[in-house]
Amino acid sequence: MNQQVTVRFAPSPTGHLHIGGARTALFNWLFARHNNGVFILRIEDTDRSRSTEEYISHIMEGMSWLNLEWDEGPFRQTERFDIYRDYVNTLLNQGKAYRCYCQPEELERKRQIAISLGQPIKYDGKCRDINMPSSSIPAAVRFKMPKEGLTIVNDLIKGQVIFDNSQLEDLVIMRSDGTPTYNFVVVADDIYMKITHIIRGDDHLNNTPKQIHIYEAFDCLPPQFAHLPMILGHDKSRLSKRHGATSVLAYRDMGYLPEALVNYLVRLGWSHGDQEIFTRNELIELFSLQNIGKSAAVFNPEKLLWLNSQYIMDSDDEKLAEMSLPFLIKKGLITQRQKVDINWLAKAVCLLKERSKTLDELASSLGYFVLDSIKIDPKAAEKFLKVEGLRYISELREALHELATFSTAEIEKVFSAIAERNNVKLGSIAQPARVALTGGTSSPGIFELIEVIGRERTLKRLDEVVSRGIITKH
RNA sequence: GUCCCUAUCGUCUAGUCCGGCCUAGGACAUCGCCCUUUCAAGGCGGUAACGCGGGUUCGAAUCCCGCUGGGGACGCCA
C-alpha cells in the first residue's frame with residue numbers, strides 16, 4: 001500500500017492565525033512538500049456560534065502571506081453536516097453510539113461534585129445502557145468507548161504513549177441540536193480525505209485514543225500521528241495575547257518578512273545541526289519529523305528580530321524598496337499617489353538595509369531621503385549646529401555647489417579638503433552635516449548619503465540650517 | 001483531583017537512540033575589544049547549562065527508578 005502522503009491543517013475560525021497555528025501549518029506544509037504529498041486546508045467550523053467569515057479570511061491571508069500554499073480546500077465542515085449525520089446514524093444503528101438525554105445542567109452539577117470529591121471528571125454513562133427508544137425529545141449522541149483495556153498511540157514525535165481505556169469517556173459526537181462535534185468530524189473528515197499523517201499540537205495528544213476508537217468503529221486504520229510540542233510565552237505559560245502580538249498578520253504589519261518568520265518558526269522545535277538560516281528549498285529538502293524536539297519552546301521575539309534583520313540584509317534592494325512603500329504611506333512620509341522612483345529609492349535602501357531590523361524601521365529612516373523638508377532633533381542641533389559646525393556647513397555647501405562630479409568619491413575629497421584646511425578631524429564636519437541632512441546623529445556613511453540625497457536637496461538642507469542658525473543667534 | 005507529555009546556558013538548540021570523541025558545541029540576548037565620520041554591519045573574545053536524589057557501569061548529559069519543576073487534557077469548544 002503506497003498511499004500518497006496527505007496532510008491537513010485544520011484551524012477553527014474562532015480567532016486569528018496565531019504563531020502556534022502558523023507553525024503547525026508550516027510543519028504540515030513542509031512535510032507534504034518534502035514527501036511530494038498533498039497539503040489540505042480544512043476549516044473546522046462546527047461551532048457555528050464562535051466561527052466567523054472574517055477569521056476564515058484572516059487565516060487564509062496569513063497562510064498566503066507566509067507562502068504556505070495549500071493544494072486542496074478550503075473545505076468547510078459546515079458544508080458537510082448531512083454526511084456526518086449519516087455517519088452518526090450508522091454508528092447508532094450498529095449500537096456503537098447511543099442517545100443521551102442528560103441535560104447540560106445536570107452534567108455540570110455532576111462535574112462539580114466530582115471535582116469537589118476529587119473524583120475523575122468523566123461522564124457516568126447514565127444513558128449508555130438504558131436503551132432509550134428514539135423520541136422527539138432532543139438528544140445528544142454519545143460514542144461508546146471501551147471500558148477496559150489499553151490504547152496505544154505510536155506517535156512519530158512522542159514515541160509510544162499508552163492510555164488506559166478506563167480514563168476515556170463516552171464523548172458527545174452530535175449535539176442535541178443535530179450538529180456534530182470536533183472529535184467526531186475530525187475523524188470522519190480525515191478518513192474521507194485519506195489523511196495519512198496527522199501533525200498537530202500536543203494539546204491533542206489526549207484526544208488521540210478517543211479518535212482511534214472512532215476509526216475502529218468505522219473499520220478504518222488510523223493514520224500516523226505526530227504531536228508537536230507547544231509554543232510558550234516568556235513566562236512559560238501558553239502563548240497568548242498577553243505575550244504581545246500573536247497574530248501572524250500583526251508581524252507583517254510590524255515589518256517582518258514572511259521568510260524570516262518561517263525560518264524562526266521552523267527552528268522552534270526543529271533543528272538541523274547548528275544551522276540557523278535556511279532557504280525555502282533547504283527546508284523542504286531537510287525537513288523531517290525525526291528532528292523535532294519533544295519539549296515545549298519559549299517564543300523569543302529578539303531572535304525573530306535578528307533573523308528578520310538578516311533577511312533584510314540579504315534581500316534585493318528594489319524588492320525592499322517596493323515593500324517599504326506601504327510603510328512609507330502609513331507613516332505619512334509619502335502620499336498614496338506620490339510617484340517614487342523605485343530605482344532611486346533602492347539606492348537609499350541599499351545604504352539603510354544593514355541598519356534596519358524591520359521594514360517599518362527601514363521606512364522611518366527612508367524619511368530623510370523622500371521628505372522635502374526634514375525635522376531636526378533639537379538635541380542634535382544643540383550639539384553640532386553651533387558656530388563651528390555652521391561654518392563648516394557653509395564651506396561644504398559652497399564646495400558641493402561647485403563640484404563637477406557629484407559622486408561618493410568626489411564628495412569624500414571635499415570633506416577631506418575642508419577637514420585639512422581647518423585642521424580638524426573628519427567627524428567635526430561629518431556630524432554637523434549629518435544633522436543638517438538627516439535631522440539626527442546617526443545615519444549611513446555621509447558621502448554615500450549625500451550622493452543619494454542628491455545635490456539639489458543637499459544644498460537646500462544645508463542652506464536651511466545655515467539661515468536658521470543665523471536667526472537663532474539673534 | 002485523574003490522566004498524558006516534558007526536563008542541556010536567560011532563550012532556541014546540538015549531543016541522548018548505538019554510554020567514553022563532551023574539560024558539553026552553535027545561535028539569539030548580554031558584556032568587552034577591534035574596525036570606524038555617526039549608527040549599524042562585520043571580526044575577535046568573555047559570562048552562562050546537563051533540575052535533584054538514587055542506582056547500573058571501569059566510565060553517564062546519554063541507560064533504569066524515584067522526586068521535583070514546567071506544560072497540556074479532562075465541554076452538547078476545537
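Numbered from 1 within each chain, the chains take letters A, B, ... in sequence-line order.
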K.L.:
Taking only Lys NZ, Arg NE, NH1 and NH2, and the carboxylate oxygens of Asp or Glu, determine whether A:E106 and A:R109 approach each other closer than 4.0 Å.
P.N.:
no

K.L.:
Need one value for A:S12: base, sugar-phosphate or nothing, where a base atom within 4.0 Å counts as base even if backbone is also close, heavy atoms only.
P.N.:
sugar-phosphate

K.L.:
Go through B:G72, B:G26, B:C28 for me and flag the one nearest to the A:R267 side chain.
P.N.:
B:G26

K.L.:
Determine, for A:K96 against A:E216, whether the closest basic-nitrogen to carboxylate-oxygen distance falls under 4.0 angstrom.
P.N.:
no

K.L.:
Do the two ring centres, one from A:F143 and one from A:Y98, sit under 6.0 Å apart?
P.N.:
no

K.L.:
For B:C76, does OP1 or OP2 lie under 4.0 Å from any side-chain N or O of A:T181?
P.N.:
no

K.L.:
Measure from the side-chain heavy atoms of A:S295 and tell me the nearest of B:G71, B:C39, B:A7.
P.N.:
B:A7

K.L.:
Taking 4.0 Å as the cut-off, does a side-chain nitrogen or oxygen of A:R434 come that near to OP1 or OP2 on B:C39?
P.N.:
no

K.L.:
For A:K357 and B:A41, is the shortest distance between a side-chain N/O and OP1 or OP2 below 4.0 Å?
P.N.:
yes

K.L.:
Answer yes or no: does a side-chain N or O of A:R355 lie under 4.0 Å from OP1 or OP2 of B:G42?
P.N.:
no

K.L.:
Can you check the A:L107 CG to B:C77 P distance for me, whole Å?
P.N.:
11 Å

K.L.:
For the pair made of NZ in A:K122 and C1' in B:A73, what is the distance, rounded to whole Å?
P.N.:
15 Å

K.L.:
Ignoring hydrogens and angles, answer whether the base of B:G26 and the side-chain atoms of A:E276 contain a donor-acceptor pair closer than 3.5 Å.
P.N.:
yes

K.L.:
Any Lys/Arg nitrogen of A:D177 or A:R48 sitting under 4.0 Å from an Asp/Glu carboxylate oxygen of the other?
P.N.:
no

K.L.:
Any N or O donor-acceptor pair under 3.5 Å from the base of B:G72 to the side chain of A:D202?
P.N.:
no

K.L.:
Mind checking whether A:H243 and A:F299 have ring centres under 6.0 Å apart?
P.N.:
no

K.L.:
Indicate whether OP1 or OP2 belonging to B:G75 is found under 4.0 Å from a side-chain N or O atom of A:R111.
P.N.:
yes

K.L.:
With heavy atoms under 4.0 Å as the rule, sort A:H234 into base, sugar-phosphate or nothing.
P.N.:
nothing

K.L.:
Think A:Q112 has a side-chain N or O under 4.0 angstrom from the OP1 or OP2 of B:C74?
P.N.:
no

K.L.:
Give me the distance, rounded to whole Å, that separates B:G72 from B:U56 when you measure between the C1' atoms they each carry.
P.N.:
33 Å

K.L.:
Should A:K158 be listed as having a side-chain N or O under 4.0 Å from OP1 or OP2 of B:C5?
P.N.:
no

K.L.:
It should be established whether A:K353 places a side-chain nitrogen or oxygen under 4.0 Å from OP1 or OP2 of nucleotide B:A41.
P.N.:
no

K.L.:
Expressed in whole Å, how much space separates the P atoms belonging to B:G66 and B:G10?
P.N.:
28 Å

